[in-house]
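Values reported hereafter were calculated over all heavy atoms of this structure, with side chains retained and with hydrogens, waters and symmetry mates removed. Each ligand, and each atom within it, is numbered from 1 in the order the structure gives.
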Amino acid sequence: MSETDAHTERDGATDVDAVVVGAGFSGLYMLHRLREQGFDVRVFEKGDDVGGTWYWNRYPGARCDSESHIYCYSFDEEIRQEWEWSERYPEQPEILSYLQFVADRLDLRRDIAFETEVTGATYDADAATWAVETADGERVTARFFIGAMGCLSEPFRPDFDGLDDFEGDWYHTARWPDEGVDLADEHVGVVGTGSTGIQFISETGGEADHLTVFQRTPNYAVPARNRPLEDDEYEEIRANYDEIWERARDSRLGMPFEHDHYSAASLSEEEIRETLEDRWQQGGFRFLHAFEPGHVLTNAEVNAVISEFIREKLRAKVDDPETAEKLVPTDHPYGAKRPPMDYNDYYRTYNRDDVSLVDVSDDGEPIERVTADGIRTTAGEYELDVLVYATGFDAMTGALLAIDIEGRDGLTLAEKWDAGPRTYLGLMTRGFPNLFTITGPQSPSVLTNMPLSIEQHVEWIADCIAYMDEHGHDAIEPTEAAETQWVTNTNMLADNMLFSEADSWYRGDNIPGKTSVFTPFPGGLDMYRDICDRVAGDDYDGFEFDQVADAPLAGQ
Ligand code: FAD
Ligand code: N01
C-alpha cells in the first residue's frame, strides 16, 4: 500500500494527521513537507503571523549572523532563485519578509491557526494518537505531534525584586513592540551583553539621551563586516547555489566556508597571527574557520591563542583602559559561550560620553533590585526612564516544557527531563511515541546554521512518517538502550570540548534552578547527518514500532 493510500484510510479517525506547534522556519517547512505527502496538518502559532524568531525579535539592531545566502531554505529552487537578499547579514524585517514570502508562495497560512497557544498534549496509547489542547480550550486529535516551537523562543527575564515599583517602562528584547519605542531623550538601562544586548547597545548608543549597560559577563564579539550584497556577487551565489548548499551540508557548522588550517600546532606564532588577522578582516563566522571549528573548541592551546588575539583587538578599540578591561572576557575561552558578532563598532560605543558600563558581576556591583527610579546595585542607584531586558531565553527546552505534555502511562515530559533532557538523536524521547521535535535537545541545532539543521530534521521526520505508513506502523519511539547511548555520547563529546569552562545557556546555567547539562549535540552537522541517514537506512535502528488495535489505521 502506498503511503497516500494508507493515509486515506486514516481519514476521519483523528481530526488531523499531524499537529505542528510553531510557524517559524521549522513549522513552515514541516507543514509544506507533510502536505506534499498528502497529510492533513494543523499548525498552531502564538503570534499573529508567521516568522517565529523573526516575528518576535523586533528590537533595534536585530539581524542574523549567519550569512543571508545560507540563512534561508535550500529545498525550493524557485524560491531560492527568486528571493534576493540585500545585505551580507539581513535585518529582522527582511528575514520576516522572506518567511512571509515563503508562506505566500507555498500557500501555507490556510493551515495555520494564529494567536493560538498550545498548552497541553496527552498521548492515548490505545489509539496511538495525541490530544492537543490550546489556551482557547480547543482540543484537536492527531496521530503525530510535532514540536517546532523553537529552541530560542521562550524569553527569560530575571526576577529582580521591585519591578512592580518601577515608574518607567520596561521591555524584553524578544517581545519588542511592533510600533517601536522612542528612546530619544530617555535614560535607558539595558541588562545583558549577549548577542542581543550587543546589537541593541550598538544601535541605541547615541540615540538615547543616556544608555547605561549592566554587564555580568563580557563576550568575544568578532566584527561581522556587514555590507550590501552586490548584484554580480549575488548572481554568482545563484549560479553556484547547489554546490554552496552541498558544502554547507557536509560541514560541521552548516556553513560552506573552508578552514585554512586544521590546527595551529605546526604553525609559527607569526603564521598564526597572519591567519587570524586575515580571518579578522573577513569577519563573521569566517573568523572561526581560521582553524577547523571543532578543533578550536577541543584544543585548549589553540583556543588560548585565538582568545588572546581577540582580547588584544578589543582592548585597542576602547579609549578608557578601565572600561576596556571590563569589556574583555578573561573568565572563559572563546566559543564556550555562544560568540556574538559586532556589526556596528560595539566596543567603540563605550567611547561615547552618553554611554556607560556597569559591571554587575560578583566582582563588581551586582544588581540588588529595581526601584521606582531605576536599578540599584550594591554600589549605588542608576536612574532610568526605560529598562530593557536583553536577558535571553530559556533555551533548548523552555518552549517545549512550557506545554504540559503527558506521554505513555501518565509520565510528563517535565518529570522525565527533570535531570536534563533525554532523547534519541534529539528527534524523539522514549515514553512519548509519535512526538517529534525539530531542533530538539541533543541535536546540533544552535551549534549550526539553523535553517539547514531544520531542513534535515523536517525531511527525516517526513521520511520516517512515510516509512511508518508503508509498513503499517502506528507508533514509533526510541528504545531505552538507544536513548541512553545517545545521551551518553552527546555528554561525552561535550566533556571533551571547552564548553564546561563557561556558564552558558547551552547548559541552562542562565535559568535559576535548571539542571546544568550541555544540551546541543556538539559533534557537528556533518557527523549528525551521517548518523541519522544510517539509522533511517537501517530500518530506523534504535527505534521500536508498535501496532495498536484501536489506532486510526490498523497495520496492513
Ligand atoms: P522559532 O523561529 O523560534 O519559531 C517557533 C515558533 O513557535 C514561534 O513563533 C513561537 O511563537 C511558536 N510557539 C512556541 N511555543 C508555542 C506554543 N506553545 N503554542 C503556539 N506557538 C508556539 N540562527 C542561525 O542559525 N543563525 C542566525 O544568525 C540566528 N540569529 C538569531 C537571532 C536572534 C535574535 C535569535 C533569537 C535567534 C537567532 N537564531 C539564529 C536562531 C533562530 O531561532 C533559528 O535560526 C530559527 O529562526 C528557528 O526557527 P524555528 O522555527 O525552529 O523556531
Ligand atoms: O541571550 P544570552 P541573547 N543579571 O543568554 C545577562 C541568538 N541570537 O538574547 O552571560 C545580569 O546570550 C547574561 O549575562 P551572563 C544566539 O544564539 C543571535 O543575547 O549570563 N545579567 C547575558 O549577558 C544567542 O546566543 C543573534 O552572565 C543577566 C545576557 O543577559 C541567543 O540567541 C542575535 C542576568 C543574555 O545573553 C541568545 O542571545 C541575538 C541577571 N540576572 C540572539 N540574567 C544573531 O545572530 C541574564 N543576564 C546576531
Side-chain angles (χ1 to χ4, degrees), residues 20-30 43-47 49-57 59 61-68 70-71 89-90 92 95 99 113-121 132 134-135 147-160 172-174 190-200 214-219 224 253-255 284-285 329 331-332 337-341 343 360-361 366-367 389-395 398-400 402-403 438-439 445-454 457 502-506 509-512:
V20 175
V21 189
F25 269 102
S26 298
L28 293 178
Y29 185 35
M30 194 75 248
V43 179
F44 290 112
E45 168 54 59
K46 269 197 278 198
D49 199 1
V50 300
T53 292
W54 305 103
Y55 169 91
W56 294 108
N57 287 267
Y59 59 86
R63 47 174 97 234
C64 66
D65 60 8
S66 292
E67 298 195 19
S68 53
I70 50 160
Y71 193 67
Y89 311 97
Q92 171 268 331
I95 309 172
L99 288 166
F114 292 107
E115 296 184 87
T116 310
E117 179 177 2
V118 170
T119 50
V132 179
T134 72
M149 59 284 279
C151 35
L152 289 163
S153 72
E154 187 72 16
F156 166 67
R157 177 168 60 77
D159 189 16
F160 297 134
H172 192 290
T173 45
V190 55
V191 181
T193 51
S195 301
T196 299
I198 283 175
Q199 288 181 331
F200 178 86
F214 298 91
Q215 173 193 267
R216 189 165 65 182
T217 313
N219 254 311
L253 303 183
M255 297 183 187
F285 275 108
D331 66 319
H332 67 276
K337 281 166 106 73
R338 204 299 194 161
M341 296 294 164
Y343 300 85
V360 296
S361 70
I367 293 172
Y389 288 88
T391 45
F393 301 89
D394 183 353
L400 197 52
I403 301 173
I438 304 175
T439 72
S445 64
V446 293
L447 297 179
T448 64
N449 172 42
M450 284 190 64
L452 262 192
S453 285
I454 287 168
H457 263 193
D503 286 344
S504 73
W505 60 255
Y506 288 150
D509 298 319
N510 59 330
I511 306 299

Original post:
Can you list the atoms of ligand 2 that are under 4.0 Å from a heavy atom of K337?
Top reply: 10 (O), 15 (P)
**OP:** Of the side chain and backbone of F393, name the one, both, or neither that has a heavy atom under 4.0 Å from an atom of ligand 1.
**Re:** side chain
Original post:
Would you call the rings of Y71 and W54 parallel, tilted or perpendicular if under 30° counts as parallel and over 60° as perpendicular?
Top reply: perpendicular
Subject >> Atoms in ligand 2 flagged as close to R63, the criterion being non-hydrogen separation under 4.0 Å >> reply: 44 (C), 45 (O), 48 (C)
Subject >> Identified side-chain contact (heavy atoms from CB on, under 4.5 Å) counterpart of W505 within the set I511, V446, D394 >> reply: V446
Subject >> Region of T116 engaging ligand 1 - heavy atom pairs below 4.0 Å >> reply: backbone
Subject >> Atom indices of ligand 1 within 4.0 angstrom of N449 heavy atoms, with elements >> reply: 25 (O)
**OP:** State whether the shortest distance between N or O atoms of C64 and N or O atoms of ligand 1 falls below 3.5 angstrom.
**Re:** no
Subject >> Nearest neighbour in protein (non-hydrogen) for atom 36 (O) of ligand 2 >> reply: G194 CA, 3.6 Å
Original post:
Below 3.5 angstrom, do we get any N/O pair linking T391 and ligand 2?
Top reply: no
Original post:
Can you name the residues that form a side chain to side chain donor-acceptor pair (under 3.5 Å) with E67, not counting sequence neighbours?
Top reply: R88, R286
Original post:
Could a heavy atom of I454 be found less than 4.0 Å from some atom of ligand 1?
Top reply: yes
Original post:
Hey, does T53 come in under 3.5 Å of ligand 1, counting only N/O atoms on both sides?
Top reply: yes
Subject >> V118-ligand 1 polar pair, N/O distance under 3.5 Å >> reply: yes
Original post:
Judging by distance only, is a nitrogen or oxygen of T439 under 3.5 angstrom from one on ligand 1?
Top reply: no
**OP:** Among all protein heavy atoms, pick out the one at the shortest distance from atom 41 (C) of ligand 1; state its residue, atom name and that distance to 0.1 Å.
**Re:** M450 SD, 3.7 Å
Subject >> Mode of F214 contact toward ligand 2 - side chain, backbone, both, neither (heavy atoms, under 4.0 Å) >> reply: neither
Original post:
For ligand 1, which atoms, with element, lie under 4.0 Å from some heavy atom of D65?
Top reply: 27 (C), 28 (O)
Original post:
Mind checking whether F393 and W56 have ring centres under 6.0 Å apart?
Top reply: no
**OP:** Before signing off on this row, confirm whether Y343 and ligand 2 have an N or O atom pair separated by under 3.5 Å.
**Re:** no
Original post:
Can you tell which part of F44 has a heavy atom less than 4.0 Å from ligand 1: side chain, backbone, both or neither?
Top reply: backbone
Subject >> Derivation of the side chain to side chain contact (heavy atoms under 4.5 Å, CB included) call for D331 and T217 >> reply: CA-CA 8 Å; D331 66 319; T217 313; 3.5 Å; yes
**OP:** Could you say whether the N/O atoms of R338 and ligand 1 ever approach to under 3.5 Å?
**Re:** no
Original post:
Heavy-atom distance to atom 27 (O) of ligand 2: which of I511, T217, I367 wins?
Top reply: T217
Original post:
Can an N or O of E117 be found at a distance shorter than 3.5 Å from an N or O of ligand 1?
Top reply: no
Subject >> Check: L152 N/O within less than 3.5 Å of ligand 1 N/O >> reply: no
Subject >> Sub-4.0 Å heavy-atom contact, T196 with ligand 1 >> reply: no
Subject >> For atom 39 (C) of ligand 2, closest protein heavy-atom neighbour >> reply: T196 OG1, 3.1 Å
Original post:
Out of G22, A23, S26, A121, whose heavy atom is nearest to atom 52 (O) of ligand 1?
Top reply: S26
Original post:
Can you tell me the protein heavy atom closest to atom 1 (O) of ligand 2 and the distance?
Top reply: G392 CA, 3.1 Å
**OP:** Identify, for atom 24 (C) of ligand 2, the protein heavy atom at the shortest distance, and state residue, atom and that distance.
**Re:** S195 OG, 3.6 Å
**OP:** Provide the number and element of each atom of ligand 2 under 4.0 Å from a heavy atom of G192.
**Re:** 6 (C), 23 (O), 29 (C), 30 (O)
Subject >> Region of I403 that comes within reach of ligand 1 [heavy atoms, distance under 4.0 Å] >> reply: side chain
**OP:** State the CD1-CD distance between I403 and E154, to the nearest 0.5 angstrom.
**Re:** 9.0 Å
Original post:
Going by distance only, is there an N or O of Y59 that falls short of 3.5 Å from an N or O of ligand 2?
Top reply: no
Original post:
With the threshold set at 4.0 Å, does a side-chain nitrogen-carboxylate oxygen contact exist between D65 and R338?
Top reply: yes
Subject >> Atoms in ligand 2 with a heavy atom of R338 nearer than 4.0 Å >> reply: 16 (C), 17 (O), 25 (O)
**OP:** Please identify which atoms of ligand 2 are closer than 4.0 Å to at least one heavy atom of A390.
**Re:** 29 (C), 30 (O), 35 (C)
**OP:** Report yes if some N/O of R63 lies less than 3.5 Å from some N/O of ligand 1; otherwise report no.
**Re:** no
Original post:
Strictly by modelled atom types, are S66 and N449 linked by a side-chain donor-acceptor pair under 3.5 Å?
Top reply: yes
Subject >> Donor-acceptor contact below 3.5 Å, side chain T439 vs main chain A148 >> reply: no
**OP:** Can you sort out which atoms of ligand 1 are near F25, meaning under 4.0 Å from one of its heavy atoms?
**Re:** 47 (O), 49 (O), 51 (O)
Original post:
Out of Y89, F285, Y71, whose heavy atom sits nearest atom 44 (C) of ligand 1?
Top reply: Y71
Subject >> Proximity of F285 and Y89 rings by center, below 6.0 Å >> reply: no
Original post:
Hey, is S195 touching ligand 1 through its side chain, its backbone, both or neither, going by heavy atoms under 4.0 Å?
Top reply: neither
**OP:** Check each heavy atom of C64 against ligand 2 and say whether those closer than 4.0 Å belong to the side chain, the backbone, both or neither.
**Re:** backbone
Original post:
Judged by non-hydrogen atoms, does F160 sit under 4.0 Å from ligand 2?
Top reply: yes
Original post:
atom 21 (N) of ligand 2: which of D509, N57, V191 has the nearest heavy atom?
Top reply: V191
Subject >> Ligand-side contact atoms (ligand 1) for residue partner E45, heavy atom cut-off under 4.0 Å >> reply: 6 (C), 7 (O), 8 (C), 9 (O), 10 (C), 11 (O), 12 (C), 20 (C), 21 (N)
Original post:
Out of Q199, Q215, R216, H172, who gets a non-hydrogen atom closest to atom 43 (N) of ligand 2?
Top reply: R216
Subject >> Side-chain donor or acceptor of N219 paired with backbone N/O of T193 under 3.5 Å >> reply: yes
Subject >> The one among T193, D65, L152, L447 that brings a heavy atom closest to atom 45 (O) of ligand 2 >> reply: D65
Original post:
Just which atoms of ligand 1 are under 4.0 Å from any heavy atom in T448?
Top reply: 25 (O)
**OP:** Would you kindly specify which portion of Y29 sits under 4.0 Å from ligand 1, judged on non-hydrogen atoms: side chain, backbone, both or neither?
**Re:** neither
Subject >> Min heavy-atom dist A62 to ligand 1 below 4.0 Å >> reply: no
Subject >> Y89 and ligand 2 - part of the residue with a heavy-atom distance under 4.0 Å >> reply: neither
Original post:
Between the side chains of T448 and S453, does any donor sit under 3.5 Å from an acceptor?
Top reply: yes
Original post:
Taking only heavy atoms of S153, which atoms of ligand 1 are found under 4.0 Å from at least one of them?
Top reply: 3 (O)
Original post:
Counting from 1, what ligand 1 atoms have a heavy atom of Y59 closer than 4.0 Å?
Top reply: 34 (C)
**OP:** Could you tell me whether the side chain of E45 and the main chain of A23 form a donor-acceptor pair under 3.5 Å?
**Re:** yes
**OP:** Around atom 2 (P) of ligand 2, find the nearest protein heavy atom and jot down its residue, atom name and distance.
**Re:** W505 CD1, 3.9 Å
